[in-house]
Amino acid sequence: MRIANLDGRLVLVAGDRAVDVATASDGRFEADPQRIYERWAEFRSWVESSADLPGESFDAAALGSPAPRPAQVFAIGLNYAEHAAEAGFATPDTAPPVFTKFPSCITGPYGEVALPAGGHTDWEVELVAVIGRRAERVPAPQAWSYVAGVTVGQDLSERVSQLAGPAPQFSLAKSFPRFGPMGPWLVTPDEFADPDDLELSCSVNGEVVQSGRTSRLLFGVPAIIAHLSAVLPLLPGDVVFTGTPPGVGMGRTPPRYLVPGDELVSTVAGIGELRHTFVADAHAGAEQD
Ligand code: ZN
């Protein structure tokens, strides 16, 4: 099953058609995509018992994040060994670094992103999991049953402010406006032969810069959920960025960062792709004056 946020309304996606959930359910489920995770099991049962829902063609440009306003956003750092090495950090052994992307940075699968003036903005394609029921002290073998689905994410990162000061500033430097693209839709885990082995990649202007598989995660989705839920409850609709494979701009010789006009395409096989174009910060000229 695939769900999406079409112009702010929850839809089921089947091929090139979308079913408006509030309309098709006669108002049983509301239109707000974020609210569906609070009733995820009931919603799935309704979908499974509803045959031949009438869908309509839709404009993909109107897609937003399938979880537009999560209460909590978790992001995992250094979760692929080769990426930890290129970033110049030790590989985490017992627990991965955890930070947040503040929820105001979440945006949809397509569009423009402004590059912060004076910054070095870098790409990080990631598998993103969205929580489908409250998770507290969940053992890893049961963890996938707490996941509503997965989607493609970009953990856009401004490296100058991330690495300035005595300790890295992950959360703030990764939360500039539109630095948390997600989409194009949420896919339930049962759609994959193995949800722990998904291929992900990203390209800049058509050149592949990152490629990897989630089977190479040091802490996979089940281990992440077990680790986080041992500390605090994960809530329906919460978002987890799982970490990025090697190939980020910071790890290149010389380093490479996004410049105005660059197009970044981020892909997870079996889900879809994000497509973003970068523009100069509209305030850049004013700040330099
Ligand atoms: Zn990341």
Side-chain angles (χ1 to χ4, degrees), residues 65 67 70 72-92 95-107 109 113 115-116 119-131 150-164 167-183 198-204 209-221 223-225 227-228 238-252 255-258 264-268 271 273-274 276 278:
S65 168
Q72 305 183 100
V73 179
F74 302 92
I76 308 300
L78 312 178
N79 206 6
Y80 292 81
E82 304 91 333
H83 171 64
E86 72 177 351
F89 290 100
T91 302
V98 180
F99 54 94
T100 192
K101 291 175 79 72
F102 295 102
S104 63
C105 78
I106 289 179
T107 190
V113 180
L115 296 165
H120 288 159
T121 298
D122 203 349
W123 53 82
E124 295 193 358
V125 64
E126 310 200 359
L127 181 75
V128 167
V130 178
I131 300 299
V150 291
T151 190
V152 187
Q154 250 298 340
D155 178 17
L156 291 170
S157 304
E158 197 289 287
R159 303 299 190 195
V160 175
S161 53
Q162 179 183 339
L163 300 172
Q169 204 37 282
F170 280 47
S171 299
L172 200 57
K174 291 165 173 271
S175 296
F176 285 88
R178 312 193 90 188
F179 266 37
M182 291 172 52
L198 305 180
E199 182 184 357
L200 67 175
S201 63
C202 96
S203 66
V204 179
V209 289
Q210 288 189 281
S211 70
R213 303 193 72 90
T214 59
S215 51
R216 305 276 296 171
L217 282 163
L218 298 169
F219 300 88
V221 171
I224 293 169
I225 289 174
H227 178 65
L228 297 174
D238 279 358
V239 163
V240 183
F241 281 73
T242 58
T244 200
V248 300
M250 178 177 66
R252 293 171 177 266
R256 175 179 174 182
Y257 300 108
L258 293 162
L264 181 67
V265 177
S266 314
T267 307
V268 177
I271 301 177
E273 68 179 28
L274 314 177
H276 294 89
F278 292 82

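Everything quoted here is computed from the prediction, not taken from an experiment. Numbering of ligands and ligand atoms starts at 1, following listing order.
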Any donor-acceptor N or O pair under 3.5 Å, side chains Ser175, Lys101 | no

Residues that Pro103 engages under side chain to side chain contact (heavy atoms under 4.5 Å, CB included), provided they are two or more places apart = Val73

Please list, chain by chain and in numerical order, all residues satisfying ring-ring contact (aromatic ring centres under 6.0 Å, His included) with Phe241, sequence neighbours excluded.
-> none

Distance filter under 2.8 Å, centred on the Zn ion (ligand 1) - protein N, O or S atoms that pass it | Glu124 OE1, Glu126 OE2, Asp155 OD2

Could you give the distance from NE2 (His276) to OG (Ser266), rounded to the nearest 0.5 Å?
-> 7.5 Å

Is it true that atom CZ of Arg216 has more than 12 heavy atoms of other residues, nucleotides or ligands lying nearer than 6.0 Å?
-> no

Partner set under ring-ring contact (aromatic ring centres under 6.0 Å, His included) for Phe278, not counting sequence neighbours | none

